[in-house]
Amino acid sequence: MTLRLAIFGFGVVGQGLARMLQRKGAQLASCGIDLRLVAVADSKGVWVDEGGIAPQDAIEKKRKEGTVAMERVRPERVVADVPCDVVVDTTPTNIEDGEPGMSIMLSAFESGKHVVTSNKGPLALRFHALSERAEECGVHLMYEASVGGAMPIFSLVRCSLAPAHITSIEGIFNGTCNYILTRMRETGYSYADILNEARELGIAEADPTYDVEGIDAACKVAILANALFGMDVCYRDVSTTGISQITPEAIHLAAAGDFSIKLIGKVSPTELKVAPMLVPTEHPLNVGGTLNVASIVTDIAGTITVMGRGAGAVETASALLSDIVWIHRSVSP
Ligand code: HSE
């Protein structure tokens, strides 16, 4: 069967997904996973074509005209009318009210569409309201791309760790901070000196304060707590300390004792925390650069540690596509 997709949000991540559809379309089709892009929307409007939009045409239009809009409308107003099976929400994260992602998702559910998202805002604010509404409407809400980019966590727990009980998770959930701390250790420079380097990598949030003050990691801790521990929390419930007060001297002292300073997120039914912590150099959580890592502690499978690229257009698109493939499989007769 053909799964019709609409991408809402056509910035770095949305275009990354379009490129991925272009690159992987034939490979997936040969496995019976037929995907058709029928709509693309950005903040200026929407382009809908039930016959299919070639991903490269959407990317080209965006490049030339600054928008994909054929019709100038507020995208969240047209979600219900778009003839698709899956709405992919790649609109920017907004942690004040979750918009426009929140309205896009709710409207998708109400009109019987599955949602795949990389957008942390709505999930870090109102995870339960959203997942309950999806369930009431009989559709899937999938969010692998929202935590850890290409690094699988939710699918790993849902599939391979299905019989296990997860007791806690800890890890590095912000690539920008990890990059800054790694480079501080390598160069002896201050966090402010490295911040611009990190911004040039294109993985920092639009406002990098969210990265360095630990808010982005707190959003991910909240999403993990809600999704894997059945909690009902928002990112403000996470005890959060960022890395802006970490000095080159502190990094140097830690290194002399064979430790690294890492921004660690901890998730368990009794603790929701993001803070800089000392990690022994040989510890599995001591990963460098922009990498993310998560140690998932279980009752019967011991501790499973996964590591991978937590941000970037291709990596995030990889996670979005993985969720899309899962939906295709789950709805195929
Ligand atoms: N700013 C985030 C990071 C992007 O650096 O990890 C991925 O959520």
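Just follow the structure's listing: the first ligand is 1, and inside any ligand the first atom is 1. The structure presented is a predicted model; accordingly, all values stated were derived computationally and were not measured. Values below: every heavy atom of this structure, side chains too, minus hydrogens, waters and symmetry copies.
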Practice prompt. Measure the acute angle between the ring planes of Tyr143 and Phe154, then classify it against the limits of 30° and 60° as parallel, tilted or perpendicular.
Written response: perpendicular
Worksheet item: Given that the side chain starts at C-beta and the backbone is N, CA, C, O, which of these parts of Asp216 lies under 4.0 Å from ligand 1, counting heavy atoms, or is it both or neither?
Response: side chain
Worksheet entry | Residue pair Glu144 / Ser322, side-chain donor-acceptor N/O under 3.5 Å | no
Response to the item:
In ligand 1, the atoms that come under 4.0 Å of a heavy atom of Gly175 are 3 (C), 5 (O), 6 (O)
Response to the item:
The atoms of ligand 1 lying under 4.0 Å from a heavy atom of Thr176, numbered in the order shown, are 1 (N), 3 (C), 5 (O)
Practice prompt. Assess the side chains of Lys262 and Ser260: does a donor N or O sit below 3.5 Å from an acceptor N or O?
Written response: no
Worksheet item: Relative to the heavy atoms of Ala311, which atoms of ligand 1 are at a distance of less than 4.0 Å?
Response: 4 (C), 7 (C)
Item to complete: Report, in ascending order of atom number, the atoms of ligand 1 lying under 4.0 Å from any heavy atom of Glu205.
Response: 1 (N), 2 (C), 4 (C)
Worksheet, complete the sentence: For Gly310, the ligand 1 atoms with a heavy-atom partner under 4.0 Å come out as 7 (C)
Response to the item:
Taking every heavy atom of Pro208 against every heavy atom of Ala206, the minimum-distance pair comes out as CD-O, 3.5 Å
Worksheet item: Of all the atoms in ligand 1, which lie at a distance below 4.0 Å from a heavy atom belonging to Asp211?
Response: 1 (N), 2 (C), 3 (C), 5 (O)
Worksheet item: Using a distance-only test with no angle check, is there a side-chain donor-acceptor pair under 3.5 angstrom linking Asp207 and Thr209?
Response: yes
Item to complete: Ignoring hydrogens and angles, state whether a donor on the side chain of Asp258 or Thr281 is under 3.5 Å from an acceptor on the partner side chain.
Response: yes
